[in-house]
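Everything on this sheet refers to the single structure shown next.
Just so we're clear, the structure is a prediction, and the values are computed from it rather than from any experiment. Within every chain, numbering begins at 1; the chains are lettered A, B, ... in the order of the sequence lines, protein sequences first and strands thereafter. Note: hydrogens, waters and symmetry copies are ignored here, and every other heavy atom, side chains too, is used.
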There are 2 protein chains.
Amino acid sequence: MPLRRRFTPEARTDLHRCLVCEIREHSVCNGIDDSELAILAQASKRLTLPPGTAMIEEGTPALSFFNVTAGTVKLFKSLPDGRRQITGFADVGHFLGLTTAKTYSFGAETVDTVQVCRFLRPQLETLLTDYPQFERRLLDEVTDDLAEAQEQMLLLGRKTARERVASFLLNRMMPPAPSGQTKTEGCLVSLPMTRVDIADYLGLTIETVSRTISALRREQTITGTDNHGIRVLAVNRLRDLASGQDSR
Amino acid sequence: MPLRRRFTPEARTDLHRCLVCEIREHSVCNGIDDSELAILAQASKRLTLPPGTAMIEEGTPALSFFNVTAGTVKLFKSLPDGRRQITGFADVGHFLGLTTAKTYSFGAETVDTVQVCRFLRPQLETLLTDYPQFERRLLDEVTDDLAEAQEQMLLLGRKTARERVASFLLNRMMPPAPSGQTKTEGCLVSLPMTRVDIADYLGLTIETVSRTISALRREQTITGTDNHGIRVLAVNRLRDLASGQDSR
DNA sequence: GGTTATTGTTGATATAAATCAACGACAGCT
DNA sequence: AGCTGTCGTTGATTTATATCAACAATAACC
């Protein structure tokens, strides 16, 4: 381990943190070569945040940027009278906080217990300029986020309540357990957020979300274990619903 | 002009095109240094497109990318039954076509007569890797697009028809004529798109858009010259409307 | 320059989802 | 274990906007 001698014990711990990071390959961090991991580790600090922690406050100076390594973060924008739109949920592997302005134009709050690696602006800028692959990876992620935002605009502007809920469940569906079976049966959907959050994400009220989920349950399209975990019984049916090919 | 000898006449014309390009500084192209303009010029071709031209077809291979140098392009997503959501209007200076997938996830069509510089994928990728400033500028633009998309999600998910139309007019308002007057009087809004496009952008029907604009005219918030050019009489009032501080 | 198509406006009615209201099911706390 | 507050469900009613329908204004075209 020749690296060991070059860093303080603290830095070594950090390096180890990045070395063993299971989500590295699924995040912007895979833009940094293994041999340079120490630089990455020194540029960020890992934090554990309890549910409901405000990570980013709309309108405050944009000094921190985050990579989510565990849990789910909600991103949102608000109107003066309190109406709120959740613009996305950042799950494991997602990077958040980017802006070209001096201040954040959106808020971010933890949904459940969340682990993040926090980058401060100067360190992030160094990474961006020194590691082209890191910047490229970030460009790709923002490009993906934009495509997702466009899909959500289609949902918010043109889909019915049923179509919105179906789309939401479909998007949050876990990849089916990698057994020998086909994709048509029993996929799990984890819903760490509350009904209020789902409603604010889908541009609906909590009552409409609740009623719609109940209806899907009644029709055997889904099955409700508890409120934060749903099982999809008919994936294809849900897919049809989501894109407006509603049979009934 | 020592450069002249290094390029074919055609390339020289292209170089001139970039040299005199008035919008260069307001687009991703300002990521390329003046001395390297020839490279930029050779990587792109300028096209003039009549109104209603389909530039990008949803689901087709993503081979071309565009920088708008004149006119307005609409970007949209559609549902199988024809419902459509316009996700944004790309005006002069905007770059469009980016995706991490093999195919476009959205469509693009000219609103009026449009001039674009078209980049093919290999050339664009070369620019991205060879000119870090170009890539940085693109990252900034996509980041801005994402912020705009989030603002539009707030509009689509949580604003009333009045608030949506007010927001739209406000966003498309020209900077007030740079005379000595204050910002409170008579700004112009250019609306090259049809009512159908406005409705598909705001998640409303054409009837609701029409009625709402008529109402704003009746209340003297705006004044209608013709259908594609509106003058805002009370900017502050419009601003209040857009953010939900509605007096009536 | 008058005819035809397209685009925009206004009115009457229908409807999907919001609002108002009550209650049920948990989770946290002492 | 029993209380208390949060979160979710279900029902009754209202409402903003969609839909249906007719017409007006503008642009396109022989």
Check ion pair B:Glu58-B:Lys77 (N to O, under 4.0 angstrom) = no
task = Answer yes or no: is there an ion pair linking B:Glu219 with B:Arg237, defined by an N-O contact shorter than 4.0 Å?
result = yes
ask   = With a distance cut-off below 6.0 Å to the six-membered ring centre and an angular limit of 45° from the axis, does B:Arg118 pair with B:Phe66 as a cation-pi contact?
value = no
query = Considering heavy-atom distances to DNA chain C, does B:Val196 or A:Lys159 have its closest nucleotide positioned more toward the 5' end?
reply =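 Its nearest nucleotide being more 5', the pick is B:Val196.
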Can you tell me how far [atom2] of [N] sits from [atom1] of [X], to the nearest Å?
X: A:Glu207; N: D:dG8; atom1: CD; atom2: C1'; answer: 10 Å
X: B:Ile206; N: D:dT19; atom1: CD1; atom2: C1'; answer: 11 Å
X: A:Met193; N: D:dT6; atom1: CE; atom2: P; answer: 21 Å
X: A:Arg164; N: C:dA16; atom1: CZ; atom2: P; answer: 14 Å
X: A:Asp200; N: C:dA17; atom1: CG; atom2: P; answer: 17 Å
X: B:Ile198; N: C:dT9; atom1: CD1; atom2: C1'; answer: 14 Å
X: B:Arg195; N: D:dA25; atom1: CZ; atom2: C1'; answer: 12 Å
X: B:Arg218; N: C:dT9; atom1: CZ; atom2: P; answer: 12 Å

inquiry  = Which nucleotide wins on minimum distance to the side chain of A:Thr194, given the candidates D:dC20, C:dA17, D:dG8?
reply    = D:dG8
request  = Give the nucleotide from the list C:dA18, C:dT10, D:dT10 with an atom nearest to the side chain of B:Ser210.
outcome  =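 When the side chain of B:Ser210 is considered, C:dT10 is the closest of C:dA18, C:dT10, D:dT10.
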Side-chain donor/acceptor of A:Arg211 to base of D:dG8, under 3.5 Å = no
key: side-chain N/O A:Thr208 vs C:dA17 OP1/OP2, d < 4.0 Å   = no
inquiry  = Just N and O in the side chain of A:Arg217: are any of them under 4.0 Å from OP1 or OP2 of D:dT9?
reply    = yes
query = Hey, does B:Ser214 reach any base, or is it just sugar-phosphate, or nothing, if we go heavy atoms under 4.0 Å?
reply = sugar-phosphate
query = Across the strands shown, which category fits B:Ile213 at heavy-atom distances under 4.0 angstrom: base, sugar-phosphate, nothing?
reply =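 Nothing: the residue B:Ile213, judged by heavy atoms under 4.0 Å, touches no strand.
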message = Within the 3.5 Å criterion, strictly below it, is a donor on B:Arg164 or B:Thr212 matched to an acceptor on the partner's side chain?
response =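 Not at all, the side chains of B:Arg164 and B:Thr212 share no donor-acceptor pair under 3.5 Å.
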ask   = Are A:Phe76 and A:Phe106 near enough that their ring centres are under 6.0 Å apart?
value = no
